[in-house]
Protein chains: 2
Amino acid sequence: MAVTIRDIADLLGTSVATVSRVLNDKPGVAPARRARVLQVARDLGYSPNRSARSLVLQRSQFIGFVVADLGNPRYIDFLRCVESIGRERGYQVLIADSAHDLEQERQNLEAMVEHRVAGLLVFPVAEYHRESTPEHFLDLHARRIPFVLLGNVGHDGLDAVLAREEEVGALLARHLLDLGHRRLAIVGASPGSRTVEERCAGVRKAVHAFGEGAVVVCEDAEMGADGWRAVLARSDRPTGMVAINDEIALWFLTVLRDGGLSAPDDISVASVDNLSWSSNVRPALTTADACMEERAQRGMEMLFARMAAPDSPPMREMLSYRLIPRGSSGPPPARIRRYADASRRSDRRARAASGVETL
Amino acid sequence: MAVTIRDIADLLGTSVATVSRVLNDKPGVAPARRARVLQVARDLGYSPNRSARSLVLQRSQFIGFVVADLGNPRYIDFLRCVESIGRERGYQVLIADSAHDLEQERQNLEAMVEHRVAGLLVFPVAEYHRESTPEHFLDLHARRIPFVLLGNVGHDGLDAVLAREEEVGALLARHLLDLGHRRLAIVGASPGSRTVEERCAGVRKAVHAFGEGAVVVCEDAEMGADGWRAVLARSDRPTGMVAINDEIALWFLTVLRDGGLSAPDDISVASVDNLSWSSNVRPALTTADACMEERAQRGMEMLFARMAAPDSPPMREMLSYRLIPRGSSGPPPARIRRYADASRRSDRRARAASGVETL
DNA sequence: ATGAAAGCGCTAACAA
DNA sequence: TTGTTAGCGCTTTCAT
């Protein structure tokens with residue numbers, strides 16, 4: 001069907017070897033011939049077949065990227081950087097979504113192996129659950145496929161670029177404590193996630209280390225809006241909230257607002273991610289930047305290092321989050337205002353809730 | 001290096017043909033043999049080489065996805081669906097970012113061809129500029145590569161799943177007009193983008209068709225926050241705003257708020273995209289859902305149809321946006337309140353602006 | 001400087 | 001039911 005080097009060779013009455021040499025900029029071809037080969041290749045609309053090339057060279061030009069959750073906006077900058085860095089080096093990015101499913105992750109990795117990717121970047125499903133590093137990563141390692149684990153779940157002997165999740169919890173808690181808050185709480189701490197657990201642990205530790213009567217009032221996750229309304233209605237409610245991520249923070253701000261409270265006047269909120277909109281909401285979110293571009297950069301560097309030196313010792317890098325103080329956090333209020341039960345304002349809420357699934 | 005069917009065959013003293021048959025679930029192998037082949041394949045950790053397979057079968061299992069701008073969150077749901085639908089059918093997704101660069105787009109398409117993708121989905125760069133369909137798409141068509149154009153720039157003879165950009169402009173304008181607004185404006189209409197131009201045209205047409213003194217006061221894009229502050233300071237300012245997308249709407253709401261105005265009490269805002277956070281900001285954004293999942297679904301269906309019938313006539317589908325009325329739009333105010341010049345509140349703004357590039 | 005030929009791992013037509 | 005064999009398009013030795 002498509003044009004092959006054979007076609008070019010035949011048309012010129014030369015051999016495929018010569019054509020191949022020209023197309024790969026290899027020496028040993030007379031300039032005149034070279035020019036004619038190039039010309040014919042262009043005329044015929046020749047496009048090299050990468051499958052054939054990969055097959056004979058025993059290596060592909062693919063970088064695989066396997067994400068636990070493609071729907072999560074936090075990975076988009078990472079993906080963009082991977083694509084961009086990969087492109088510079090002549091690689092194509094193969095993408096696969098594990099959709100929080102361990103078995104699907106295994107299948108994704110298997111598919112990547114079948115495509116003989118040159119290297120793999122993985123945000124494992126494990127960090128969303130309590131599982132430890134699943135066996136399929138050990139398999140991958142045993143098969144000597146270059147890959148780098150991302151996220152927060154490392155493993156002895158495996159390359160990884162990890163983020164300090166516990167540290168970010170402490171960072172945010174400390175930020176609130178320094179502002180004068182003593183009663184903190186965590187919102188959105190859905191159980192079973194390692195990332196979440198580590199962030200929570202960080203908050204607890206920072207509060208404990210601080211002393212001076214500082215307490216974590218509440219870190220229940222599943223209670224939802226009604227649960228939080230009940231908490232907010234109490235006079236001894238927390239004044240500083242660590243939200244597990246920006247989206248939760250945004251949601252919590254609506255719960256506050258619907259009850260007539262606001263941040264940072266009544267309650268301070270700090271979260272994690274620094275998604276693109278977080279600076280444009282009001283109050284602008286105090287948050288911790290995940291530095292996804294940097295993580296992508298490091299991840300790719302590590303991957304290429306591994307690809308270049310399959311036998312070098314395991315690499316690990318730990319990256320910190322960066323605090324971005326904005327308007328949603330401030331000193332605690334002098335006076336605890338009453339939280340007006342949101343159910344009385346049901347007209348407004350009903351409207352807000354209507355017509356859209358993503359609410 | 002890796003295990004091949006030859007290894008399996010040799011170990012069992014059988015032929016590669018038999019092994020291939022078993023591995024592809026082809027009939028004509030004795031059950032006992034079949035079982036032993038499978039067993040050995042597993043024991044040896046055999047992983048089929050897709051490059052070899054593609055080469056001999058003359059078709060790959062790749063779907064290529066080329067996006068004008070991977071950084072834009074509006075494409076993420078689309079990507080997720082493509083990946084998911086592709087997976088169901090046994091395809092891997094190859095991704096490439098054109099970064100708004102026409103030449104990069106051309107290179108991306110070329111790379112996809114070199115990988116002999118079974119089919120291609122493309123959000124062209126063109127829709128962000130005024131260019132018409134670039135030649136590389138005609139090339140692609142001439143080479144008989146199955147591909148589907150997405151976005152809003154179609155072309156005779158090329159398959160496409162397009163969104164009615166003009167219609168969405170009209171939809172939003174009409175929404176505001178029906179609420180009673182007569183002085184409308186467009187915010188964020190960066191010039192040179194076809195998508196933007198079409199949306200603007202839609203707004204203008206709807207306003208014109210409505211009559212009754214309705215006018216589009218302003219649709220200048222580049223004036224930025226200061227420009228808008230000047231507009232908002234006028235007593236004859238617009239009361240209904242069509243924002244070119246959710247992010248612009250969010251930004252505009254901050255401009256309003258920083259001047260002491262609010263939506264929908266003083267000014268109504270309606271936008272396009274329905275990004276995930278748009279229902280959780282306050283006021284929740286009235287917006288038009290791009291129905292990315294549906295577009296992905298249609299796009300993939302069309303692509304598979306094209307792959308199955310390369311000679312069938314060109315296909316085109318037009319999808320509408322869906323209005324999602326939320327809190328940011330309401331009736332026009334009875335009284336025009338004064339816009340307090342934001343420069344007097346510089347402390348707040350300075351804080352919001354500090355420390356982050358993404359602002 | 002050039003070409004003939006082997007072979008990467010796989011599938012499928014053909015033979016047995 | 002099984003095996004032999006000829007490629008798929010390409011790179012690369014080894015002759016010439």
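Throughout, protein chains are lettered first and strands after them, A, B, ... in sequence-line order, and every chain is numbered starting at 1.
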Figure out the CZ/C1' separation between R53(A) and dG7(C), and round it to whole Å. 17 Å
Would you call the rings of F65(A) and F78(A) parallel, tilted or perpendicular, taking 30° and 60° as the class edges? parallel
What's the closest nucleotide to the V16(B) side chain, out of dG3(D), dC10(C), dT5(D)? dT5(D)
Write down the distance between CZ (R36(B)) and C1' (dT2(D)), rounded to a whole number of angstrom. 14 Å
Where along residues 18-30 of chain B does a heavy atom fall under 4.0 Å from DNA chain C? S20(B), N24(B), K26(B)
Can you check the L55(A) CG to dC10(D) P distance for me, whole Å? 12 Å
Rounded to the nearest Å, what distance is computed from the CG atom of residue D10(A) to the C1' atom of nucleotide dG9(D)? 13 Å
In whole angstrom, what separates I5(B)'s CD1 from dC8(C)'s C1'? 12 Å
For residues 28-39 of chain B, which side-chain donor-acceptor pairs fall under 3.5 Å, sequence neighbours excluded?
from	atom 1	to	atom 2	distance (Å)
R34(B)	NH2	K26(B)	O	2.7
Q39(B)	NE2	D43(B)	OD1	2.9
Q39(B)	NE2	D43(B)	OD2	3.4

OP1 or OP2 of dG3(D) versus the side-chain N and O atoms of T14(B): is any pair under 4.0 Å? yes
Step by step, work out the side-chain contact (heavy atoms from CB on, under 4.5 Å) result for V22(A) and I8(A). CA-CA 11 Å; V22(A) 172; I8(A) 299 177; over 6 Å; no
Between R116(B) and S47(A), do the side chains contain an N or O donor and an N or O acceptor separated by less than 3.5 Å? yes
Bend angle of the helix from dA1(C)-dT16(D) to dA16(C)-dT1(D) from five-pair axes at both ends, rounded to 10°? 40°
Side-chain N or O of T4(B) versus OP1/OP2 of dG9(C): is the shortest distance under 4.0 Å? no
Roughly how many Å is it from CG in D7(B) to P in dC8(C), rounded to a whole number? 11 Å
Contact class for L57(A) vs. all strands (heavy atom < 4.0 Å): base, sugar-phosphate, or nothing? sugar-phosphate
Nearest heavy atom decides the nucleotide; on that basis, is S15(B) or R50(A) closer to the 5' end of DNA chain D? S15(B)
Main chain of H155(B), side chain of R316(B): is a donor-acceptor contact present, judged purely on distance under 3.5 Å? yes
Here the distance between atom P of dG9(D) and atom CG of N49(A), to the nearest Å, is 7 Å
Parallel, tilted or perpendicular: which fits the ring planes of F147(A) and F137(A), with parallel below 30° and perpendicular above 60°? parallel
Working note: E293(B) + Q297(B), criterion side chain to side chain donor-acceptor pair (under 3.5 Å); need CA distance, chi angles, decisive distance, verdict. CA-CA 6 Å; E293(B) 291 88 348; Q297(B) 176 84 40; over 6 Å; no
Taking only N and O in the side chain of Q58(A), is any of them less than 4.0 Å away from OP1 or OP2 of dG7(C)? no
Between dC10(C) and R6(B), is there an OP1 or OP2 to side-chain N/O distance shorter than 4.0 Å? no
Short N-O contact, D139(A) and R143(A), less than 4.0 angstrom: no
Please check this pair: side chain of Q92(A) against backbone of A96(B), looking for a donor-acceptor N/O pair closer than 3.5 Å. no
